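Note sheet for the following structure.
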Amino acid sequence: MTRRLIIDTDGGIDDAVAIWWAASDPRIDLVGVTTVGGVVSAEDAARNVLLVLEAAGRPDVPVAIGANDRLGPSPELRPADFIHGSDGLGNTVRGRVPAGTPLHGAIPLLDRLIDGMTSIVSLGPLTNLARLALELPRQAAAVDQLVIMGGAAAGGGNALPDGEANIAHDPSAAAVVVGAGWANPPLMIGLDVTHAATLDDSDFALLAEKRTPAAAFLDAPLRFYRPFGATFTAPACPCHDFATVLAFIESSFVTDAPILPLAIATAPGPAWGSTIVDFRAPAFARSGGSEQASPDGFADWRIGLGVDRALFRRRARQLFGD
Ligand code: BDR
Ligand code: CA
């Protein structure tokens, strides 16, 4: 049985890998893509998504431009052009115009597509999904499975000392999404997972052979991405959003994902934009210490902690033509 999926994305390079995979995996029915400002503007992200979908032979997938404005105050972040290029795809698509035209408004497309059997994978700041939860809570509650790339359960960050980029771009939106009334506990794929799912020299060498249309399209962007994308894992290189789509479709990919209370730090200060996981919860549950319940603002999520790196590399190499 195929699984209906909507991707919400900020149009970067690892997003492109994830979208190509989702558009071509026969287990996934990619029914729509919505964009959000993050790596680039929501408009440029839509251009990138359309170019990826057209190169992948899926011009039929509707793409809608979502939010650029943040839901609430957010920390000042350095633009991501040094990782993703000023166009979001490693300066490979500047001036290129897709054949297709994006729709305007993520919420109307989400409203039209969500039907109780549809899941969402979020690969950017959580602004669109927070708006969905606030404006159409019944539709949010009808989402089958929500998987987000964001945060870091063990602490630490990439965009800030304790802030992963997708959360830090719009902490208020992330807090709304964490506390919304989802039907099933959502899955957080943070840096704990994505920094452990990496590509190495041999994978990049295979990519450079351009054996598949995917490799031909993705080689130049991923080569641009690698030097800074690998900052915390060098010489191996993560591909955060690709790992997140795999977490959705490969049941054995995330090897450890306990349900734990999750919250977002929304107040200005050193931890602004960080994820806080209450790792005390299982121990308190075992000892019957219910008076030590997590404070307000926490909600139960599945927190990805372990990952099958070999499977990650196998899937990437499959995409690249192994
Ligand atoms: C996340 O931030 C963006 O730069 C990437 O596309 C990914 O979604 C990683 O922190
Ligand atoms: Ca992204």
Side-chain angles (χ1 to χ4, degrees), residues 6-22 33-42 44-49 52 63 66-68 70 74-75 77-90 106 120-129 146-171 173-174 177 187-199 218 221-222 224-233 237-248 264 273-275 304 307 312:
I6 301 166
I7 288 182
D8 188 65
T9 170
D10 59 347
I13 292 170
D14 53 334
D15 305 71
V17 183
I19 290 163
W20 195 300
W21 183 272
V33 180
T34 52
T35 67
V36 62
V39 164
V40 287
S41 69
D44 284 356
R47 174 204 59 204
N48 293 354
V49 172
V52 171
V63 177
N68 282 307
R70 301 302 168 206
S74 49
L77 299 184
R78 178 180 173 185
D81 54 351
F82 64 108
I83 301 179
H84 294 272
S86 58
D87 63 357
L89 286 177
I120 298 180
V121 169
S122 162
L123 306 177
L126 287 154
T127 322
N128 288 336
L129 297 192
L146 171 65
V147 183
I148 73 155
M149 192 287 125
N158 53 7
L160 292 170
D162 204 5
E164 181 283 327
N166 289 342
I167 303 295
H169 267 294
D170 196 350
V177 169
L187 173 62
M188 174 180 128
I189 299 296
L191 300 178
D192 323 80
V193 167
T194 64
H195 280 175
T198 51
L199 303 174
L218 296 168
L222 279 168
F224 182 98
Y225 174 84
R226 190 179 182 187
F228 284 108
T231 299
F232 306 105
T233 54
C237 184
C239 195
H240 311 273
D241 295 343
F242 179 45
T244 305
V245 161
L246 290 183
F248 165 70
I264 306 293
S274 67
T275 46
V307 70
F312 178 77

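We count ligands from 1, going down the list as the structure has it; atoms in each ligand are counted the same way. Small disclaimer: the values here were computed from a predicted structure and weren't measured.
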(request) For the residue pair F242 and F312, categorise the inter-ring angle as parallel (less than 30°), tilted (30 to 60°) or perpendicular (more than 60°). (result)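 Tilted.
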(message) Ring-plane angle category for F82 and F228, please: parallel below 30°, perpendicular beyond 60°, tilted otherwise.
(response)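 Geometry flag for F228 against F82: perpendicular rings.
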So [Y] and [X], do their side chains get closer than 4.5 Å, heavy atoms only?
X: T275; Y: I264; value: yes
X: L77; Y: L160; value: yes
X: L222; Y: I13; value: yes
X: C237; Y: T198; value: no
X: H240; Y: L191; value: yes
X: D10; Y: D15; value: yes

Could you tell me the residue and atom name of the protein heavy atom closest to [atom], and the distance to it rounded to 0.1 Å?
atom: atom 2 (O) of ligand 1; result: N166 OD1, 3.4 Å
atom: atom 4 (O) of ligand 1; result: H84 NE2, 3.0 Å
atom: atom 9 (C) of ligand 1; result: E164 OE2, 3.2 Å

How does [X] reach ligand 1, by side chain, by backbone, by both or by neither, if only non-hydrogen atoms under 4.0 Å count?
X: T194; result: neither
X: D15; result: side chain
X: L123; result: backbone
X: N158; result: side chain

(message) Under 3.0 Å from the Ca ion (ligand 2), can any N, O or S atom of D14 be found?
(response)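 Within the cut-off used here (under 3.0 Å), D14 places no N, O or S atom near the Ca ion (ligand 2).
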(message) Let me check your reading of the structure: within less than 3.0 Å of the Ca ion (ligand 2), is there an N/O/S atom from V39?
(response)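 No - counting backbone and side chain alike, V39 has no N, O or S atom under 3.0 Å.
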(request) Can you sort out which atoms of ligand 1 are near D241, meaning under 4.0 Å from one of its heavy atoms? (result)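 With D241 as reference, the close atoms of ligand 1 come out as 5 (C), 6 (O), 7 (C), 8 (O).
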(message) Which of the numbered atoms in ligand 1 are under 4.0 angstrom from any heavy atom belonging to V39?
(response)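 Answer, ordered by atom number: 3 (C), 4 (O).
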(request) Report the distance from atom CG of D14 to atom CG of L123, rounding to the nearest 0.5 Å. (result)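 Between atom CG of D14 and atom CG of L123 there are 7.5 Å.
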(message) Minimum distance, heavy atoms only, to atom 6 (O) of ligand 1: which one of D14, L191, I83 is it?
(response)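 Checking each option, the heavy atom nearest atom 6 (O) of ligand 1 is found in D14.
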(request) Please name the atom of D10, restricted to N, O or S, that is closest to the Ca ion (ligand 2). (result)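 The nearest such atom is OD1.
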(request) Identify, by name, the N, O or S atom of D241 lying closest to the Ca ion (ligand 2). (result)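 Nearest N/O/S atom: OD2.
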(message) Between S74 and D170, is there a side-chain donor-acceptor contact under 3.5 Å, judged purely by atom types and distance?
(response)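 There is no such pair (donor and acceptor under 3.5 Å, judged by atom type) between the side chains of D170 and S74.
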(request) Could you establish whether A165 and ligand 1 come within less than 4.0 Å of each other, counting only heavy atoms on the residue side? (result)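 Under 4.0 Å: yes for A165.
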(message) Tell me whether H240 has any N or O atom under 3.5 angstrom from an N or O of ligand 1.
(response)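 In fact, backbone or side chain, H240 has no N or O that close.
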